[in-house]
Peer 1: 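Below is one structure. I have some questions about it.
Because the structure is a prediction, the values reported are computed rather than measured. If you read the sequence from its start, that first residue is 1, and numbering goes on from there.
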Amino acid sequence: MNTYAKYHQSEEDYLESILLISQRQPVVHRIDVARDLGVSGAAVNKAVKILIEKGYIFEDGKHLKLTTAGEAYARKVFEKHCIIKEFLLSLG
């Protein structure tokens, strides 16, 4: 996998994580994302900075929130992952 693909996949993982956490609890903190993805707080900080710059998320105090564009992207990623999972499960 090339560097661009790895970076893109990581970005998708963070967005999907924020989406799924926000569906389970009222607010999303950086530590929640770190625990969900099994990464360090420093990794989350770096990803959050990039995702804010790209306009996918914003911070409301200490809470992470998806922008409209970020939520749409995260939902597409989640749907893609569900389709792939169902396909693999159908193969046994």
Side-chain angles (χ1 to χ4, degrees):
M1 184 182 304
N2 65 36
T3 305
Y4 175 78
K6 281 184 185 178
Y7 175 77
H8 193 66
Q9 180 182 354
S10 175
E11 183 177 281
E12 290 180 351
D13 291 343
Y14 280 95
L15 289 172
E16 183 179 27
S17 176
I18 294 168
L19 174 70
L20 295 176
I21 293 168
S22 70
Q23 292 174 348
R24 294 190 308 257
Q25 58 193 51
V27 295
V28 180
H29 295 99
R30 291 174 186 232
I31 189 69
D32 300 323
V33 177
R35 287 182 185 139
D36 187 56
L37 294 175
V39 298
S40 69
V44 173
N45 291 339
K46 183 177 178 182
V48 164
K49 181 181 175 189
I50 292 167
L51 293 172
I52 288 172
E53 288 172 0
K54 289 188 169 197
Y56 292 134
I57 65 172
F58 66 96
E59 286 189 283
D60 179 16
K62 294 186 178 186
H63 308 137
L64 301 176
K65 295 189 177 188
L66 294 166
T67 63
T68 302
E71 184 172 351
Y73 187 14
R75 288 188 184 284
K76 286 180 186 177
V77 169
F78 179 67
E79 183 178 315
K80 178 178 71 172
H81 288 167
C82 288
I83 290 168
I84 292 168
K85 181 179 176 182
E86 287 179 32
F87 174 73
L88 293 173
L89 288 173
S90 73
L91 293 176

Peer 1: Are the side chains of Val44 and Tyr14 in contact, using a 4.5 Å heavy-atom criterion?
Peer 2: yes
Peer 1: Quick check: closest heavy atoms across Phe58 and Leu66, and the distance to 0.1 Å?
Peer 2: CE2-O, 3.9 Å
Peer 1: Roughly how far apart are Lys76 NZ and Leu19 CG, rounded to 0.5 Å?
Peer 2: 13.5 Å
Peer 1: With sequence neighbours excluded, tell me which residues meet side chain to side chain donor-acceptor pair (under 3.5 Å) with Asp36.
Peer 2: Ser17
Peer 1: State, with a plain yes or no, whether a side-chain heavy atom of Leu51 is found less than 4.5 Å away from one of Tyr73.
Peer 2: no
Peer 1: Run the side chain to side chain donor-acceptor pair (under 3.5 Å) test against Lys65 and tell me which residues pass, sequence neighbours left out.
Peer 2: Asp60
Peer 1: For Arg75, which residues count as a side chain to side chain donor-acceptor pair (under 3.5 Å) partner, sequence neighbours excluded?
Peer 2: Glu71
Peer 1: What is the distance from atom CD1 of Ile52 to atom CD1 of Ile57, rounded to the nearest 0.5 Å?
Peer 2: 5.0 Å
Peer 1: Hey, can you tell me if His63 and His29 have their rings parallel, tilted or perpendicular (30° and 60° cut-offs)?
Peer 2: perpendicular
Peer 1: Quick check for you: to the nearest 0.5 Å, what is the distance between Arg30 atom CZ and Asn45 atom CG?
Peer 2: 4.5 Å
Peer 1: Closest approach of Gly55 and Ala69, non-hydrogen atoms and distance?
Peer 2: O-CB, 4.4 Å
Peer 1: What's the spacing between Ile21 CD1 and Leu64 CG if we round to 0.5 Å?
Peer 2: 8.5 Å
Peer 1: Could you give the distance from CG (Asp32) to CG (Leu37), rounded to the nearest 0.5 Å?
Peer 2: 11.0 Å
Peer 1: Hey, what do you get for OH (Tyr56) to CD (Glu11), rounding to the nearest 0.5 Å?
Peer 2: 5.5 Å
Peer 1: Tell me whether Ile50 shares a hydrophobic cluster with Val28, the cluster being built from Ile, Leu, Val, Met, Phe, Trp, Tyr side chains joined at under 4.5 Å.
Peer 2: no
